[in-house]
Structure formats: structure tokens, C-alpha cells
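Report on the structure given below.
Only this structure's heavy atoms are used, side chains among them; waters, hydrogens and symmetry mates stay out. Because the structure is predicted, anything quoted here is derived from the model rather than measured.
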Amino acid sequence: MDQLVEAVGGAAREEWEMCFEYYLHSAEEIGLEATRQLEALEDLETSMSLSLSSRRLELEKLGIYLDVIGSGLSFGALLTGAFGMNLMSGLESRRLFFWPVCAGIAVSCTALCAAMRLVIRRRLRRQSASALWVPRVRAKSKSM
């Protein structure tokens, strides 16, 4: 410090020390602000990740429900295909039974879809209850 005073001259040792203390304090404040900004950025990243995960989950649920509907409709196609084959069942000679059989196929398709959806919904609830994600709480710096 004495060499600095002699080399530059004009200012006393105490003035140079105050100047360095001021710059040190400013550097510490900038460091703390950078740390706060980093924490805010990590919180934003976590929030965005959770939002994307939530949307992905909703799309997966929609895909599962569409698969359930497709399975129910394929069951109906199986039943109508069985009646449409060239097998003698006795229904082809009775016109009165066409609408009840058609309604029965529709009801069985709907019942299959509802039962599968109920089973899937119960499994999703059971899995989501066991896999709850709780974010960790960070300690905020006290010097703001």
C-alpha cells in the first residue's frame, strides 16, 4: 500500500484503503446479486420443467383414453363381424331381433369402454398418490 502511495502520490494511505473497501463491497454485492439471479433462474427452469411434465402427462392420459375407446370400438367390430360372417345363427331369419342385437352390441361396447376407463383411472390415482413429488425448499440469502 505504501508503494502505491509513493508511486501515484497525491492521496493518503487511508483514502486508498477506503477506495479498495468500496470496490470490495461493490464486488460482494454483485456476487450476491448474481447468486440471487442464479437461484431465480433455477426456480424458473424447475417451473418450466414441471409445466412441460404436466402437459406431457395430460397428453399421455388422452392417448390412453383414446386407446380405451378404440378397444371398445374394436370389440363392437368383433361382435358385428361375428354376426356378419356366413354362419347360421338364426338371427338372419328374424328381422325383429336386428335392433335389439344392435343395441346390445352398442351397450356392450360402452360398458367395456367405461369399465376400462374406470380401471385405468383407479390405477393412475394409485400411482399418482404413491409418486408425489415435493420440491425442496431453498434457503434464501438474508442480505437483500
Side-chain angles (χ1 to χ4, degrees), residues 1 3-5 7-8 10-92 94-144:
M1 187 68 72
Q3 292 175 357
L4 181 65
V5 171
V8 177
R13 179 182 173 101
E14 292 82 23
E15 291 176 358
W16 283 108
E17 286 178 358
M18 287 177 53
C19 183
F20 284 133
E21 280 183 35
Y22 172 76
Y23 286 124
L24 179 64
H25 181 68
S26 296
E28 286 176 356
E29 284 181 3
I30 291 172
L32 289 174
E33 181 64 26
T35 305
R36 277 187 240 127
Q37 292 293 327
L38 181 63
E39 287 177 358
L41 186 62
E42 287 174 353
D43 290 344
L44 177 65
E45 181 183 6
T46 304
S47 173
M48 290 173 62
S49 175
L50 287 175
S51 175
L52 288 174
S53 293
S54 173
R55 289 185 185 235
R56 191 177 312 118
L57 178 65
E58 290 299 321
L59 284 174
E60 288 176 4
K61 281 183 182 180
L62 180 65
I64 288 172
Y65 289 138
L66 288 175
D67 286 342
V68 165
I69 291 171
S71 297
L73 292 176
S74 65
F75 179 69
L78 174 81
L79 291 177
T80 57
F83 287 117
M85 294 172 60
N86 292 329
L87 300 174
M88 299 298 283
S89 64
L91 290 175
E92 63 275 354
R94 298 183 181 145
R95 299 182 106 196
L96 191 60
F97 285 125
F98 174 76
W99 291 111
V101 168
C102 209
I105 290 172
V107 166
S108 64
C109 289
T110 305
L112 180 68
C113 285
M116 287 175 64
R117 187 173 182 199
L118 183 66
V119 167
I120 289 171
R121 183 176 285 171
R122 283 184 182 169
R123 281 193 179 174
L124 286 175
R125 279 191 192 142
R126 187 174 45 220
Q127 284 179 353
S128 67
S130 65
L132 282 178
W133 182 79
V134 179
R136 63 185 174 129
V137 177
R138 294 183 190 179
K140 296 288 181 180
S141 60
K142 297 194 187 231
S143 60
M144 288 188 170

Which pair of non-hydrogen atoms, one from [X] and one from [Y], has the smallest distance, and what is that distance?
X	Y	answer
R117	V68	N-CG1, 4.1 Å
G72	C113	CA-SG, 3.5 Å
F75	S108	CE2-OG, 3.7 Å
G76	C109	CA-SG, 3.0 Å

To the closest 0.5 Å, what do you measure between [atom1] ([X]) and [atom2] ([Y])?
X	Y	atom1	atom2	answer
T110	L73	OG1	CG	8.5 Å
S74	I69	OG	CD1	12.0 Å
L38	E42	CG	CD	4.5 Å

Neighbour count above 12 (heavy atom, 6.0 Å) for L41 CG: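 Count over threshold, so yes.
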
Partners meeting salt bridge (charged side-chain N to carboxylate O under 4.0 Å, His left out) with E29 (sequence neighbours left out):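 Here no residue qualifies.
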
Can I get a per-line list of side-chain donor-acceptor pairs under 3.5 Å for residues 50-67, giving both atom names and the distance, sequence neighbours left out?
unit_1	atom_1	unit_2	atom_2	d
S53	OG	S49	O	3.0

Salt-bridge criterion met for E33 and R36 (N-O under 4.0 Å):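 R36 and E33: salt-bridged.
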
